[in-house]
Amino acid sequence: MTDPIRLAAEALAAGELILLPTETVYGLGADAATPEAVAKVFEAKGRPRFNPLIAHVADAAQAERIAVFDPSARRLAETFWPGPLTLVLPARADAGVCDLARAGLDSVAVRVPGHAKARAVIAAFGGAVVAPSANRSGRPSPTTFADAFEETGHAVAEAIDGGPCAVGLESTVVSVMDGRPALLRPGAVTREEIEALAGPLSGAGEGRRSPGRLALHYAPDAPVRIDAEAAGEGEILLGFGPGVGDPRWSLSETGDLREAAANLFRRLREADRERPAGIAVAPVPGEGLGEAINDRLRRAAGFVG
Ligand code: AMP
Ligand code: MG
């Protein structure tokens, strides 16, 4: 049988790793229930074990078997799934997401991905699938099949090509642990979109509850300088908006945040291949998707969030 979806599901069942396309970034997938399989993910990425993984499921019914949803969590799921929103919720005792995947916490992060191939693999497998970005820890996330394969292709048994990632930025992480939603990580679903539905998000200090917010993250080899007005000696300038820098390196020539999000990691990776003295990035506005773009840029530049 050569159906790639079936082969990927079989690899998961055998405790192997796969490359899984999602609409956000390429994921390194493993069976969420099996500690030996999950351990391979941490090892292949070089990811610290205190940083828990997201359990990807095929639909909301599967998510409800893993986590406890209150009415506001359910409303968020109904509005944004399938799609780039991760909910951190109380884990059910029989969750099917092992302790290692949850880093020993009593909560669990769940998401229904928007990419049809991701949902098809998960449905064919039948259980939850952990799938952090397929890069080695600390590096920019891969948003094309080639980039994913370059990062962790050596560690996988199967790899699914789902084309370039449409969104290009990781999911927004929102916890709904005690009624009040809190933003743990800005992402592809904007704060404004969530607040329109759920009311004001608490956020200050909540970052501490998300163990994965390492300071230096998403970083290429070249040093990254943000809010740059122009390229310095030997630097490549990633522009934003009309007439800023070389169009070839622009995040979006028209100043479109959606396009800039889709281009961000790809441009960082492409620029890094030129071995520049540094990568300078033009200012990107902070509202809407700009919040997540600036979050990733600050971390790539080495600032603590
Ligand atoms: P990644 O898989 O690298 O995109 O990251 C998943 C993000 O979700 C990280 O920032 C984790 O720290 C966060 N996360 C996953 N599970 C939990 C949890 N149970 N509680 C809080 N944050 C979580
Ligand atoms: Mg990641």
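Start at 1 and go down the list; that is how both ligands and their atoms are numbered.
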Arg275 CZ: over 12 foreign heavy atoms closer than 6.0 Å:
no
Selection from Pro132, Ser137, Ala109 by shortest heavy-atom distance to atom 2 (O) of ligand 1
Pro132
I want to know if ligand 1 touches Asn51 in the polar sense, i.e. an N/O pair below 3.5 angstrom.
yes
Closest heavy-atom pair, Leu257 versus Ile293, reported as atoms and distance to 0.1 Å, is O-CD1, 3.6 Å
Main chain of Asp221, side chain of Asp272: is a donor-acceptor contact present, judged purely on distance under 3.5 Å?
yes
Taking both backbone and side-chain atoms of Ser133, is any N or O found less than 3.5 Å from an N or O belonging to ligand 1?
no
Is it true that Arg185 lies under 4.0 Å from ligand 1, counting heavy atoms only?
yes
Where ligand 1 meets Leu105 - atom numbers and elements under 4.0 angstrom, heavy-atom basis:
18 (C), 19 (N), 20 (N)
On a heavy-atom basis, which atom in Ala58 and which in Ile122 lie closest, and how many Å separate them?
N-CG2, 3.6 Å
Min N/O separation Glu170 to ligand 1 under 3.5 Å
no
Between Arg111 and ligand 1, which residue portion shows a heavy-atom distance shorter than 4.0 Å: side chain, backbone, both, or neither?
neither
Please examine the side chains of Ile5 and Ile160, heavy atoms only from C-beta on, and report whether any two atoms are closer than 4.5 Å.
yes
Using 2.8 Å as a strict upper limit, say whether an N, O or S atom of Asn135 approaches the Mg ion (ligand 2) that closely.
no
side-chain contact (heavy atoms from CB on, under 4.5 Å), that's the test. Do Glu10 and Arg6 meet it? Break it down for me.
CA-CA 6 Å; Glu10 286 172 4; Arg6 170 65 38 206; 3.3 Å; yes
Which of the ligand 1 atoms, numbered from 1, are nearer than 4.0 Å to a heavy atom of Ser107:
18 (C), 19 (N), 20 (N)
Counting only heavy atoms not in Glu43, do more than 12 sit closer than 6.0 Å to its CD atom?
no
